[in-house]
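Okay, so here's the structure we're looking at.
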Amino acid sequence: MTAEEKTDALARAAARFRGAHKSRIAAVAAGLAAALLLALIALTGSGYTLQFSTDILAAVTLAYGWNLISGFTGYLSFGQVSFYGIGAYATSILVLRAGMPWYFAVCCAGLLGALAALVLGPIMLRLRGILFALGMLGLARILEVVFNNWNYAGASLGLSLPPALTPVSVYAGMALLALLGFLLNAFFAHSGFGLDAMSLNEDETAAVALGVPATRVKVIAFALSALLPAAAGGLVAWNRSYLDPSSAFDPTLDLETIVFVLFGGVGTLWGPLFGATVLMLVAEEFLVYLPHFELALYGLVVIATVLAFPGGIVGIFNRFGYLRRPIILAPAILPAGEPPQKRPPRADEAPVLEVKDLEVRFEGLTALDGVSLALKRGETVAIIGANGAGKTTLFNTIAGFVPPSRGEIRFFGRDVTRLPTFRRAQLGMARSFQIPRSMPMLSVWENVVLPARHGKERQRAVEHTAWVLHVSGLAPMWRDRAGRLPPGHQRQLEFARVLALAPEIAFLDEVMAGMTVEEREVVRAAIRRLPEFGVAAVVLVEHVISAVADLADRMVVLDFGRKIAEDTPQRVLRDPAVVRAYLGEPR
Ligand code: ATP
């Protein structure tokens, strides 16, 4: 690409950004106007209209709550109703037994729901996918059984709630909760924290390797997503004047909420609002005009829409360029950027990396058997060995993905053997993956700013990200979705994310696999430049020996998890033991 073409591409990107910015302002203005109009209709209409409007706001609130943990963060929950029930009971007990004013009790219920999620999160969020969904379903059922047998809370007979609230106050409370839900979702859609959450949705393994504190992020997302149904539960209970375990922990509430978000657009800011509002209105119309076919028609509308438009209503808008999520932390125009500040070596500097007597076992198999390795500043070491020799396991153990059963890992003298993966990444231990693990639904910019932002204030993170994009040749496509990049660019992105961590040591796992000779030369040139970018030491795993023989100062050979040789590439490649184990017997 010529300089002129590059300038053109950047100018087009800036124009697109300005257009998107204007459309966002228009969307918010239209949303506010619609909300005011609906409030006017609700407050001046009949009692039925007010009740129905309150029900819609409750549905929107629940949908926004679910979207935080399941839409943005990717932990599909079938049991958010647990928090709804906890909130309903907490409010009722606080008002009935402690005489607390209801609005105060609702706030306490919301906080209690969030607190329950903070306690449960570290346990429940160890599960992923369908296991988490079923775990949450199980939690709701357990709570239902507990409340069915808890006399203080009315057991299976439930609690009668005296009419303490006016319909208008319930409506106003629910409107505030729906607004809180919108603001929390807006925070996720626009902030660095939201980007961390979305990266877990995309690829949690890659995210922690890029320094994302996964447990903290998902537990906070879970707590925020619990706050909304818990507070809403308190309000709905007092709106119904009666509360029992089967209605408080009703699984259909979760099912409806999930359908609302699927219909509106999962993991989007506007999806829960559109989905809940439109489907509540559709269901109401079917109920009035076609009461016998209501459920069937409702199901048909949902299935047809989701099949035709997997992105839901927001997906349809997106197709025409509206309501697209802004690219997080992206400037209007890509700046030239600044390289990271190099840390000057200290006189008494410990080795960059020391691995001592590392042993890793997978059930019966010893994948690493007493491997030791040390790297000083300025060194590049290549690790070679036949398939299954333990090279990737060595990377995974040093990076923190696999706990060793014996041995020690020190980084600049600091013992990091038990440090979580994300902390090692933040300290400057960066790794690439054998098969590129870009986050396809995030933009190229977001893939790179994700590791670049840790420990930096915003402007420095932006400058650093821009620099990485220029250096790695990804600047022209910085606003594109990573999933749309061709395979060559995917590898460049993998490399860019390593640079974005401003690492002290880079572990590159078969970065040249499957490349043509020309492509390999580009990568080899980039690896040679790593010290220039502040990288103190490089570890390469490679099968293409010729590609690394002249890059590495030393070669380490693994065979069945054992280190069988370590020397200069020239000597290692002449070592008869290596020739036998890896290169094959000489004829
Ligand atoms: P390749 O060049 O094919 O990538 P490698 O040298 O990187 O191979 P590893 O992937 O580290 O080798 O595997 C070393 C041994 O450990 C192999 O026998 C592999 O089957 C085994 N292994 C690796 N990961 C696991 C795991 N999670 N569970 C059980 N065994 C594993």
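Keep in mind that the numbers below use all heavy atoms, side chains included, and drop hydrogens, waters and symmetry copies. Atoms within a ligand are numbered from 1 in the order they appear, just like the ligands themselves.
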- Message: Measuring centre to centre across the rings, with the benzene-like ring taken for any Trp, is Phe187 within less than 6.0 Å of Phe72?
- Response: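 That pair fails the under 6.0 Å test.
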- Taking any residue with a non-hydrogen atom under 4.0 angstrom from an atom of ligand 1, which ones do you get?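 Phe362, Leu365, Ala367, Ala386, Asn387, Gly388, Ala389, Gly390, Lys391, Thr392, Thr393, Gln434, Glu510, His543.
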- Using 4.0 Å as the upper bound for N to carboxylate O, is an ion pair formed by Glu446 and Arg325?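 Result for this pair is yes, salt bridge flagged.
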- Message: Please determine whether a side-chain nitrogen of the Lys or Arg among Glu144 and Arg141 lies less than 4.0 Å from a carboxylate oxygen of the Asp or Glu.
- Response: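 Salt bridge between Glu144 and Arg141, a charged N being under 4.0 Å from a carboxylate O: yes.
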- Item | Set of residues satisfying salt bridge (Lys or Arg N to Asp or Glu O under 4.0 Å) with respect to Asp196, sequence neighbours excluded |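 With neighbours one apart ignored, the set is Arg453.
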- Message: For Val81, run the side chain to side chain contact (heavy atoms under 4.5 Å, CB included) check against Leu137, Leu139, Asp254 and tell me which one passes.
- Response: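 For Val81, the side chain to side chain contact (heavy atoms under 4.5 Å, CB included) check succeeds only for Asp254.
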- Message: Which heavy atom of Thr268 sits nearest to which heavy atom of Gly265, and what is that distance?
- Response: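 Closest approach of Thr268 to Gly265: OG1-O, 2.7 Å.
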